[in-house]
Every structure is written in structure tokens, then in C-alpha cells.
2 protein chains.
Amino acid sequence: MFSKACEYGIKATIYIAVKSMRQERVSLKEIAEEVDSPVAFTAKILQSLAKNGIIDSHKGPTGGFQIEETKIDTIKLHDIVHAIDGDKIFSGCGLGLEQCDARQPCPVHDKFVGIRDNLKIMLQNTSLYELATGLEIGLTHLKR
Amino acid sequence: MFSKACEYGIKATIYIAVKSMRQERVSLKEIAEEVDSPVAFTAKILQSLAKNGIIDSHKGPTGGFQIEETKIDTIKLHDIVHAIDGDKIFSGCGLGLEQCDARQPCPVHDKFVGIRDNLKIMLQNTSLYELATGLEIGLTHLKR
DNA sequence: TTTATTTAGGATAAATTTGTCCGAAATAAG
DNA sequence: CTTATTTCGGACAAATTTATCCTAAATAAA
């Protein structure tokens with residue numbers, strides 16, 4: 001469903017959010033450990049999240065990643081996925097046709113659109129805040 | 001959402017079904033043309049569909065692919081996807097965790113399961129017959 | 001100012017998916 | 001039986017995704 005890059009990116013962002021709610025900055029190394037993801041690859045993903053304004057990055061000693069606390073509940077899962085994978089998940093024909101819409105649909109158009117709308121709505125309605133809170137209170141986990 | 005292999009496989013199967021309803025067998029070449037897919041790659045996909053009993057294949061002159069007419073309305077989109085991609089679309093954690101279930105969920109577990117159940121139900125409820133019929137009466141299309 | 005630490009970013013490599021090529025096997029028809 | 005046609009199946013190649021490595025740039029602290 002999601003690419004590996006997205007999986008790592010979502011996990012990392014949630015972890016950063018939890019720490020940010022405690023006014024703590026986290027290093028790439030710590031993130032990769034806590035999220036069980038390859039360090040260098042995770043670095044790339046965090047880079048693109050930073051470029052997209054989802055997270056803040058700081059170089060040097062005491063550097064690391066963090067998220068503005070006020071942003072944590074405005075950021076949605078949708079924003080994270082979009083920053084990493086673009087909108088290819090949300091657009092395009094289910095069977096790969098160039099021209100496919102309600103007027104000239106492919107055989108699965110309607111059914112496919114329905115599912116994808118569900119996905120999009122879910123992503124747009126899920127806030128980073130609720131994901132981070134669930135993790136912080138031990139309701140959910142990020143490793144293994 | 002679907003792999004390229006799946007996209008080609010679904011389109012090919014629908015096309016074969018339409019022809020089979022007219023008691024016609026179709027060659028790989030014709031399928032690839034009508035479905036706008038790479039010939040050799042399509043051959044591999046048809047091979048695995050044949051091995052999985054979704055379609056029948058016949059070698060030699062007048063050979064080609066077809067689907068038992070009685071099967072056309074019992075075959076579901078789910079069967080095609082499953083034959084090509086296995087059940088990796090239907091199982092596994094949304095964030096790639098090894099252990100993730102209702103008791104020890106990842107942060108997106110519940111939301112993800114909901115979407116995937118929708119997808120599964122849709123695939124299980126969509127028959128090859130309805131897809132083929134829609135194409136035959138010109139309601140849908142497979143090219144471009 | 002120097003040093004240690006941390007992210008940025010480019011080059012490269014490994015793995016997977018997508019796609020091609022070609023000879024073998026089957027089989028219908030002359 | 002021979003030939004032409006069609007799928008089968010293995011080897012190979014290209015493209016994309018995933019992952020690593022290394023140097024540069026920034027920056028905090030001694």
C-alpha cells in the first residue's frame with residue numbers, strides 16, 4: 001500500500017512528534033533506532049520531509065529534528081504521505097490508462113475511485129497529534 | 001495501488017472473458033494489442049493466470065487463451081489479483097511491522113485495516129462477468 | 001579559533017519490478 | 001511426416017525503489 005519510504009517517514013514523524021511534545025530534539029541516529037529503519041535511507045526521507053516543511057532540521061551538536069508544537073495537530077497523515085510519495089497514490093487510473101474518468105471509465109473506475117476516496121479521507125482526517133498521543137500513552141508501538 | 005503486472009493481468013482477463021462469451025479464443029498477440037501492454041511481459045502474466053486455473057491456454061495453431069464460460073461469473077477480481085500478486089496486498093502491517101495486530105497495534109493499524117477491508121470486500125464482490133459485460137456494451141474501455 | 005557533532009547532498013550499490021529474447025514443446029493442418 | 005503457429009519457460013536486461021557511503025556544510029562548545 002505505502003512505499004517503504006512512506007512507512008519509514010510516517011514512523012519517524014510520529015516519533016519526532018512525541019519527542020517534540022516534550023520539547024526535545026532527536027537525532028537521526030536515535031530516530032532510526034527507535035523506528036527500526038535503515039539510517040542513511042531514513043536521512044533522505046527526513047530531508048524531504050524538512051524540505052516540505054513538515055519537520056524542522058538543525059545541524060551541528062545538539063542538532064537534530066523536531067516539529068513545531070503548534071503544527072502537530074494540524075499536520076495530517078495525508079501531508080506526510082504527500083511529501084514523500086507525491087500524489088501518485090491519489091490520482092491516476094486503477095488500470096494505468098491515460099484517459100480514464102467518469103465519462104470514459106476503465107472497467108474498475110467506479111469501484112476503484114470509491115476505495116481511493118476512502119483512503120484519501122482517512123489520511124486527511126488522521127492528525128499527527130492523535131498518532132503521537134496513541135504512541136506516547138503506550139496504546140501503539142513502532143518497533144518490530 | 002496495483003502492480004503493473006496486476007493492471008495488465010486484469011485488463012487481459014477482462015478481454016479474454018469478452019471473447020470467451022462469444023466462444024472465441026484469443027492469441028497473446030491480440031490480447032497485448034487490445035489491452036495496450038508489452039507482449040512478452042503479458043505472456044508471463046497469462047502463464048501464471050493459467051497455472052492458477054483462472055484462464056485456459058492452448059498451444060499450436062488456433063491456440064490461444066480462453067475462459068470457461070461457466071466460470072466467468074464465479075471468478076472475482078480478487079482471484080485475479082491474488083493469482084498475480086499473492087496476498088501481500090491483503091495482509092501485513094501498514095507500517096511494515098512484523099508484529100502488529102489489534103492487541104499490539106501500530107499507530108495506523110485500525111484505520112489501515114478499515115481501508116484494506118473495504119478493498120478486499122470490493123475485490124471479492126466484483127465479478128469478471130460484470131467487468132466483461134461493461135466492456136462489451138461499450139460502457140467502459142481498456143485502451144489509452 | 002579549533003574541534004567535535006550533526007544534517008545535507010551527491011555518487012554508488014543492491015534488490016525488486018518490469019520488460020525482452022530466444023529456443024523448446026505442443027499441436028493443427030497440409 | 002513436415003511445417004507453421006502458438007504458448008512455455010529460462011536467461012537476460014532495463015528501470016525503479018531501496019539502501020549505503022562519503023565528503024561538505026553548518027554549528028555548538030571548549
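Just so you know, these numbers use all the heavy atoms, side chains as well, and skip hydrogens, waters and symmetry mates. Keep in mind that what you see is a predicted model, and the values were worked out from it rather than measured.
Pairs of residues two or more places apart, or lying in two chains, that qualify as salt bridge (charged side-chain N to carboxylate O under 4.0 Å, His left out) and include a residue from residues 32-55 of chain B are B/Asp36-B/Arg144. Within the structure, no pair that satisfies the ring pair (Phe, Tyr, Trp, His ring centres under 6.0 Å) test touches residues 108-144 of chain A, not counting sequence neighbours. Contacts classified as salt bridge (charged side-chain N to carboxylate O under 4.0 Å, His left out) and involving residues 115-130 of chain A (residues at least two apart or in different chains) are given here: A/Glu130-B/Lys111. Sorted by first then second residue, the ring pair (Phe, Tyr, Trp, His ring centres under 6.0 Å) pairs that include residues 12-47 of chain B, not counting sequence neighbours, are B/Tyr8-B/Phe41. Listed by first and then second residue, the salt bridge (charged side-chain N to carboxylate O under 4.0 Å, His left out) pairs that reach into residues 71-100 of chain B come to none, sequence neighbours excluded.
Heavy-atom distances under 4.0 Å link DNA chain D to A/Pro38, A/Ala40, A/Phe41, A/Lys44 of residues 27-54 of chain A, given in residue order. Taking a 4.0 Å limit (strictly below) on heavy-atom distances, residues 59-70 of chain B reaches DNA chain D at B/Lys59, B/Gly60, B/Pro61, B/Gly64, B/Phe65.
Between B/His58 and B/Lys88, the residue anchored nearer the 5' end of DNA chain C, judged by the nucleotide with its closest heavy atom, is B/Lys88. Along DNA chain D, the nucleotide nearest A/Phe2 and the nucleotide nearest A/Arg25 are compared for position; the residue whose nucleotide lies closer to the 5' end is A/Phe2.
Applying the under-4.5 Å side-chain rule to Ile, Leu, Val, Met, Phe, Trp and Tyr, the cluster around B/Val113 consists of that residue alone. In the hydrophobic clustering (ILVMFWY side chains linked at under 4.5 Å, chained through shared members), A/Ile137 is joined by A/Leu139. With a 4.5 Å cut-off between side-chain heavy atoms of Ile, Leu, Val, Met, Phe, Trp and Tyr, the cluster of B/Leu97 takes in none.
Counting to the nearest Å, the P atom of D/dT7 and the CD1 atom of B/Ile55 are 10 Å from each other.
When the ring-ring contact (aromatic ring centres under 6.0 Å, His included) test is applied to B/His82, the partners found at least two apart in sequence or on another chain are B/His78.
A sub-4.0 Å separation between OP1 or OP2 of D/dT18 and a side-chain N or O of A/Tyr8 is absent.
Close approach of DNA chain C to chain A, defined as any atom under 4.0 Å from a non-hydrogen atom of the protein, starts and stops at C/dA4 to C/dA11.
Not a single donor-acceptor pair under 3.5 Å links the side chain of A/Ser20 to the backbone N or O of A/Gln23.
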